[in-house]
Each structure stands twice: as structure tokens, then as C-alpha cells.
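What follows is a single structure, written as C-alpha cells, with notes after it.
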Amino acid sequence: MLNKLWGAMIVIGIAVAAFQGKIGNVGTAAIDSSKEAVMLCITMLGVMSMWTGIMNVAKKAGLIDAMTRALRPVLRFLFPDIPREHEANEYIAANIIANVLGLGWAATPYGLKAMAALREWQKENGETGNVASTDMCTFLIINISSLQLIPVNIIAYRSQYGSVHPTAIVGPALAATAASTVAAVLFCKCMEKCKS
């Protein structure tokens with residue numbers, strides 16, 4: 001559906017430019033945007049490499065394991081049905097930690113593994129079919145709300161586009177993501193109560 005929508009917008013834009021006699025501007029904009037996209041990708045690759053390296057160092061130093069242990073009470077509150085030693089807890093904790101540090105690309109693999117582990121847990125409990133469990137829905141909503149202390153992507157984008165203070169976004173981003181995460185937790189707990 002989105003492919004059709006984007007395709008239609010591109011065709012309409014080219015048609016309007018041709019109708020107005022500005023088709024040359026479309027070509028110039030396409031070339032400039034392509035060059036800018038490559039530069040942005042190079043910038044993001046550097047930022048991603050640095051933070052992924054920091055995450056690997058933190059993992060080897062035991063910081064990620066310590067943070068995972070610190071998150072156990074939060075996980076117990078959010079996912080009361082999952083046993084304490086189930087592998088889903090480790091993946092969920094790693095996903096939350098990566099999101100809090102603003103590493104959405106590092107959070108994604110952990111999120112996929114967490115969903116697979118939750119699906120296995122669902123099957124172990126005899127639930128069949130293609131209906132997501134309460135824990136799966138809760139994890140998805142918490143993941144989407146994504147509390148972030150350091151919005152790495154936005155800081156990199158602002159820096160790439162010449163912002164005088166690229167880190168000025170940290171406070172507003174923290175407030176916005178904290179509000180969205182609180183709303184997500186309240187929603188999940190209300191839905192949990194309604195279901196039971």
C-alpha cells in the first residue's frame with residue numbers, strides 16, 4: 001500500500017513539474033537529494049558503528065548484564081506471567097537498554113528475538129493460533145514508546161544539517177519519550193485489568 005502511495009506522489013510531482021515547465025528542477029533535486037542521502041548514510045554509519053562498539057564493550061565489561069539485573073523488577077511488573085529465568089526476559093531487557101540509549105538499530109534484533117521467545121512461551125502454555133499474547137502486545141507497545149535518554153539518531157541528523165546545538169533535543173526528547181512510555185505502561189495495565 002505504501003509503495004503505491006509513494007509511487008503516486010512521485011508521478012504526480014513529476015507531472016505537476018512538467019506541466020509548470022520545471023522538469024529540470026526535478027532532475028536537479030533528485031541528484032542533490034541522492035548526494036545528500038549518501039552523505040547522511042555515511043554520517044549515520046559512523047554514529048551507529050561508534051555506539052554499537054560502545055554496546056559491545058559494555059556487554060563484555062558486564063554493564064549490560066548489570067543493567068539487565070537492575071531491570072528485573074520492572075520486567076516482573078510489566079510481564080508478570082513470564083518466569084524469571086526465561087530467555088525472553090534477557091532479550092526484552094537488552095531491547096529496552098538499547099532503546100534507552102537511543103540505539104534503535106541495536107534494539108531491533110533483540111526485539112525480534114524477544115518476540116520469538118514470547119511466541120515459544122505462548123506455545124509452551126498451549127496457546128495456538130495467530131493471536132498475540134498479552135505479553136507480546138505489552139512488549140510491542142513498550143518498544144514503540146521507546147524511552148530514550150540519548151536520542152542518537154536525531155542528534156546525528158541535527159549535526160549533519162548544521163544545527164548550532166545538536167544536543168539541545170535531549171531534554172525535549174526525554175520528556176516526550178518518558179510521557180509516551182508512561183502512557184504505554186498505563187494503557188497496557190488497564191487493558192490487562194479489562195481482560196482479566
Side-chain angles (χ1 to χ4, degrees), residues 1-64 67-68 71 90-116 139-184:
M1 180 64 187
L2 281 177
N3 290 340
K4 292 177 183 176
L5 182 63
W6 281 109
M9 288 193 300
I10 290 169
V11 169
I12 290 168
I14 292 171
V16 168
F19 182 72
Q20 293 179 345
K22 297 180 180 178
I23 198 72
N25 292 353
V26 172
T28 303
I31 291 169
D32 290 346
S33 296
S34 299
K35 184 169 55 174
E36 193 173 308
V38 170
M39 293 304 295
L40 183 61
C41 287
I42 291 169
T43 300
M44 293 309 294
L45 178 63
V47 171
M48 180 181 74
S49 298
M50 181 189 76
W51 282 102
T52 304
I54 289 172
M55 280 289 282
N56 285 334
V57 169
K59 176 79 173 159
K60 288 182 181 176
L63 292 175
I64 301 298
M67 292 169 83
T68 300
L71 276 176
E90 181 182 334
Y91 295 135
I92 292 169
N95 177 273
I96 290 172
I97 291 165
N99 274 328
V100 165
L101 295 176
L103 307 173
W105 52 82
T108 301
Y110 291 121
L112 294 172
K113 288 178 181 179
M115 277 297 192
F139 173 66
L140 182 62
I141 291 169
I142 298 298
N143 186 44
I144 291 169
S145 70
S146 185
L147 174 66
Q148 288 190 4
L149 296 178
I150 308 165
V152 175
N153 288 345
I154 303 302
I155 292 170
Y157 292 143
R158 287 171 55 91
S159 177
Q160 173 71 22
Y161 291 111
S163 174
V164 178
H165 300 291
T167 57
I169 194 70
V170 171
L174 178 60
T177 58
S180 68
T181 301
V182 168

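One-based numbering along the sequence shown. What's counted below: heavy atoms across the whole structure, side chains too, no hydrogens, waters or symmetry copies.
Atom CZ of Phe19 sits about 14.5 Å away from atom CD1 of Ile12, to the nearest 0.5 Å. To the nearest 0.5 Å, the span separating OG1 on Thr181 from CG on Asn143 amounts to 10.0 Å. If you take CG on Leu140 and OG on Ser145, they are separated by 10.0 Å, rounding to the nearest 0.5 Å. Taking OG1 of Thr108 as the start and CG of Asn95 as the end, the distance is 7.5 Å to the nearest 0.5 Å. We find the OG1-CD1 distance between Thr68 and Ile92 to be 11.5 Å, quoted to the nearest 0.5 Å. Separating the OG atom in Ser180 from the CD1 atom in Ile142 is a distance of 9.0 Å, to the nearest 0.5 Å.
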Item to check | Worked check of side chain to side chain contact (heavy atoms under 4.5 Å, CB included) between Leu2 and Leu5 | outcome: CA-CA 5 Å; Leu2 281 177; Leu5 182 63; 4.3 Å; yes

Next on the checklist: Checking Ile97 against Tyr110 for the side chain to side chain contact (heavy atoms under 4.5 Å, CB included) test, could you report, in this order, the C-alpha distance in whole Å, the side-chain angles of both residues, the deciding distance, and whether it holds?
Outcome noted: CA-CA 10 Å; Ile97 291 165; Tyr110 291 121; over 6 Å; no

Checklist entry - Stepwise, does the side chain to side chain contact (heavy atoms under 4.5 Å, CB included) test hold for Leu63 with Val57? => result CA-CA 9 Å; Leu63 292 175; Val57 169; over 6 Å; no

Item to check | Stepwise side chain to side chain contact (heavy atoms under 4.5 Å, CB included) test for Ile23 and Ile14 | outcome: CA-CA 7 Å; Ile23 198 72; Ile14 292 171; 3.8 Å; yes

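For the side-chain contact (heavy atoms from CB on, under 4.5 Å) criterion with Thr177, the lone passing option out of Val182, Leu147, Asn99 is Leu147.
Looking at Arg158, its side chain never comes within 3.5 Å of a backbone N or O of Thr167 through a donor-acceptor pair.
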